[in-house]
2 protein chains.
Amino acid sequence: MSKSSNGSLEVIQNVADNLRQARLQQGYSQEALATRAGISRRMLVNIEAGENNASIATVDKLASALGLAFSEMVRPAFPTRNESSLPLRIWQGEQADSHASLLESVVRPGMVLELWRWQLAAGDSYHAEADAPGCHEIIYLLSGVLEVRLPQQCHQLQAGQSLTFASDQLYSYHNPGTLPCAFTKNILMYPHG
Amino acid sequence: MSKSSNGSLEVIQNVADNLRQARLQQGYSQEALATRAGISRRMLVNIEAGENNASIATVDKLASALGLAFSEMVRPAFPTRNESSLPLRIWQGEQADSHASLLESVVRPGMVLELWRWQLAAGDSYHAEADAPGCHEIIYLLSGVLEVRLPQQCHQLQAGQSLTFASDQLYSYHNPGTLPCAFTKNILMYPHG
DNA sequence: CTGATTTGTGCATTATATTTCACAGACCCA
DNA sequence: TGGGTCTGTGAAATATAATGCACAAATCAG
C-alpha cells in the first residue's frame with residue numbers, strides 16, 4: 001500500500017529525466033515552467049525527482065509547455081554524459097549496425113551541444129522532424145557522398161566538406177552514392193535565440 | 001473548473017481508443033484485462049470511455065498486460081514547429097599539408113564553439129598551451145591511434161572513440177602508431193565559465 | 001558581507017484518481 | 001422462459017495526486 005508504484009517504474013523515471021533535461025535546455029526555472037504549464041512547483045519537483053506517478057493530463061501540460069510531444073516525454077532519456085567542471089571522459093562508440101550514435105552531450109546554462117556519429121548505407125535516407133526553434137547543425141562528411149535536403153534547397157556534400165544549416169525545420173539526409181557514407185554531426189540548441 | 005481536463009485532451013482520447021482496440025483484438029473481457037493488469041474494472045471502463053485522466057502507472061499496467069509499449073498506448077501527436085532560418089554555410093574542405101584546419105566557428109553570447117579537423121603523421125606530436133579557463137575539448141578519433149597527454153594522466157584513443165577533457169591546462173597530442181591519425185576536435189569556450 | 005533567485009523538503013489541505021459494491025440493460029444460448 | 005457473461009452507470013469509501021505555504025541550503029550578483 002505504501003509504495004504502490006513509485007520511482008521503480010521505468011516510464012516514470014523517463015519522464016523525470018526528460019523533463020529535467022528539457023527544462024534546463026530551455027532555460028526555465030522550476031517556478032517559471034510550473035507557471036507556464038499551469039501546475040504547482042511542488043508537483044514539478046516531485047515529478048522531476050521521479051517520486052510520483054503523475055497523471056496523463058499533468059505530463060501533457062508539461063510537454064506542451066516545453067514544446068514537446070507527449071511521446072517525447074515518455075521515451076527513454078538520452079544518456080547525458082555531460083556537464084561539470086573537469087570532465088575527462090572517454091567514450092567507446094561503434095555499434096556498427098545502428099545508423100547513429102551519440103558521442104557526447106554538453107549541457108550549459110544557455111545552450112546544449114550534442115555530438116553525433118552517423119552513417120547511411122548506399123541509397124538510404126533519414127527523414128527528421130524539426131528540432132527546437134533556433135537549433136542548427138554542423139555536419140562534417142567523413143566519407144562517401146551525402147545530400148542534405150531542406151524545404152527550400154538541397155545540398156550535396158563530398159568527403160571533407162562541412163555544412164552548417166538551421167535544423168528547426170523539416171530536413172532529411174540521403175546517401176545518393178553507391179558506397180556507405182559517414183559523417184559527424186553537431187547539434188547546437190539555445191533557448192534564447 | 002470541474003471537468004476541464006477530461007475527454008477534451010487528445011492524449012486521453014488516444015489512450016481510450018488504443019486500449020479498447022487492443023483489448024478487443026486480444027479477446028479480453030473488461031474483467032479479464034482489469035484483473036490481469038491489476039486494476040479495477042471500474043477504472044478500466046472509465047479510461048476506455050475517455051472519461052478520466054489516469055496516472056502514468058495505471059496506463060503502464062494496462063500496456064504491459066496487453067503486451068504493448070507505453071508509447072503505443074498514447075500514439076504521438078504531430079508538433080508543427082517551423083519558421084526561422086540561420087546561416088547555411090558550406091565549407092570546401094581543403095586538404096593542405098597543415099596538420100589542422102578550422103571547419104566551423106560559432107559565436108554566441110556566452111560561448112564560442114570551434115570545430116577543427118586534425119591529422120598527425122606517424123610519430124608526430126603537438127604541444128599546446130593551456131586554453132582559457134573553463135575551456136574543454138571533445139575529440140573524436142577518425143582513424144589511427146592518438147595519445148592525449150595531460151599533466152595528471154595520459155589517454156590512448158582508438159578509432160571510433162571520443163574523449164572529453166578540460167583544456168585549460170597544458171596538454172599535447174601524440175601519434176604513437178605507424179600510420180597517420182585523423183580526428184575532429186570541438187573546442188568549447190565560455191567567457192564566464 | 002547583504003539581498004535575490006533557485007532548488008529541495010515537510011506538512012496540512014483539497015481535488016481527484018481508484019477501489020469496491022450494487023444494479024440495470026444487452027446479448028447469446030439452452 | 002431463464003441462467004450465463006459482458007458491459008455501462010451510480011455512489012460511498014479510500015488512496016493518492018496536486019496544491020499552497022513555510023523554511024533551509026546553495027548559488028550568484030553587487
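Atoms considered below: every heavy atom in the structure, side chains included; atoms not considered: hydrogens, waters and symmetry mates. Below, chains carry the letters A, B, ... as their sequence lines are ordered, and counting in each starts from 1.
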Enquirer: Taking A:Asn18 for its side chain and A:Asn14 for its backbone only, find out whether a donor-acceptor pair lies under 3.5 Å.
Expert: yes
Enquirer: What does the inter-axis angle of the helix from C:dC1-D:dG30 to C:dA30-D:dT1 come out as, five pairs per end, nearest 10 degrees?
Expert: 30°
Enquirer: Would you name the heavy atoms of B:Ala121 and B:Asn175 that are closest together and state the gap between them?
Expert: O-ND2, 3.2 Å
Enquirer: Begin from the C-alpha positions of A:Gln21 and A:Asp17 and carry the test side chain to side chain donor-acceptor pair (under 3.5 Å) through to its verdict.
Expert: CA-CA 6 Å; A:Gln21 182 175 349; A:Asp17 296 340; over 6 Å; no
Enquirer: Under 4.0 Å, heavy atom to any atom of DNA chain C: which of residues 30-37 of chain A qualify?
Expert: A:Gln30
Enquirer: Tabulate atom names and distances for all N/O pairs under 3.5 angstrom spanning the protein and nucleotides 2-4 of chain C.
Expert:
none

Enquirer: Heavy atoms under 4.0 Å is the rule here; annotate nucleotides 25-30 of chain C 5' to 3' with B where the base is hit, S where only the sugar-phosphate is, and - elsewhere.
Expert: ------
Enquirer: Where do A:Ala159 and A:Ser143 come nearest, in terms of heavy atoms and distance?
Expert: CB-CA, 3.9 Å
Enquirer: Can you build the contact string for nucleotides 18-30 of chain D? Use B for base contact, S for sugar-phosphate-only contact, and - for no protein heavy atom under 4.0 Å.
Expert: BBBB---------
Enquirer: Which nucleotide sits closest to the side chain of B:Ser29: D:dC6, D:dT9, C:dT9?
Expert: D:dC6
Enquirer: Which residues satisfy the ring-ring contact (aromatic ring centres under 6.0 Å, His included) test with A:Tyr28, sequence neighbours excluded?
Expert: none
Enquirer: Applying side-chain contact (heavy atoms from CB on, under 4.5 Å), can you list everything that pairs with B:Ser29, at least two apart in sequence or on another chain?
Expert: B:Glu31, B:Ala32
Enquirer: Return a table of donor-acceptor pairs under 3.5 angstrom between the side chains of residues 179-189 of chain B and protein atoms on other chains or two or more places apart.
Expert:
{"unit_1": "B:Lys185", "atom_1": "NZ", "unit_2": "B:Glu137", "atom_2": "OE2", "d": "3.4"}
{"unit_1": "B:Lys185", "atom_1": "NZ", "unit_2": "B:Tyr173", "atom_2": "OH", "d": "2.9"}

Enquirer: Can you name the closest pair of heavy atoms from A:Ala122 and A:Thr178 and give their distance?
Expert: CB-C, 3.5 Å
Enquirer: Applying side-chain contact (heavy atoms from CB on, under 4.5 Å), name anything that partners A:Arg42, two or more places apart in sequence or on another chain.
Expert: A:Ser40, A:Val45, A:Asn46
Enquirer: Any side-chain N or O of B:Arg20 less than 4.0 Å from the OP1 or OP2 oxygen of D:dG8?
Expert: yes
Enquirer: Checking B:Gln13 side chain against B:Glu10 main chain: does a donor-acceptor pair fall under 3.5 Å?
Expert: no
Enquirer: Can you list everything that forms a side-chain contact (heavy atoms from CB on, under 4.5 Å) with A:Ser55? Sequence neighbours excluded, please.
Expert: A:Ala57, A:Thr58, B:Asn53
Enquirer: Can you name the residues that form a side-chain contact (heavy atoms from CB on, under 4.5 Å) with B:Ala65, not counting sequence neighbours?
Expert: B:Leu33, B:Arg36, B:Ala37
Enquirer: Return yes if some donor-acceptor pair links the side-chain N/O of A:His174 with the main-chain N/O of A:Leu146 below 3.5 Å, else return no.
Expert: no
Enquirer: State the CG-CD distance between B:Leu19 and B:Glu48, to the nearest 0.5 angstrom.
Expert: 4.5 Å
Enquirer: May I have all residue pairs that pass salt bridge (Lys or Arg N to Asp or Glu O under 4.0 Å) and include part of residues 146-155 of chain A, sequence neighbours excluded?
Expert: A:Glu147-A:Arg149
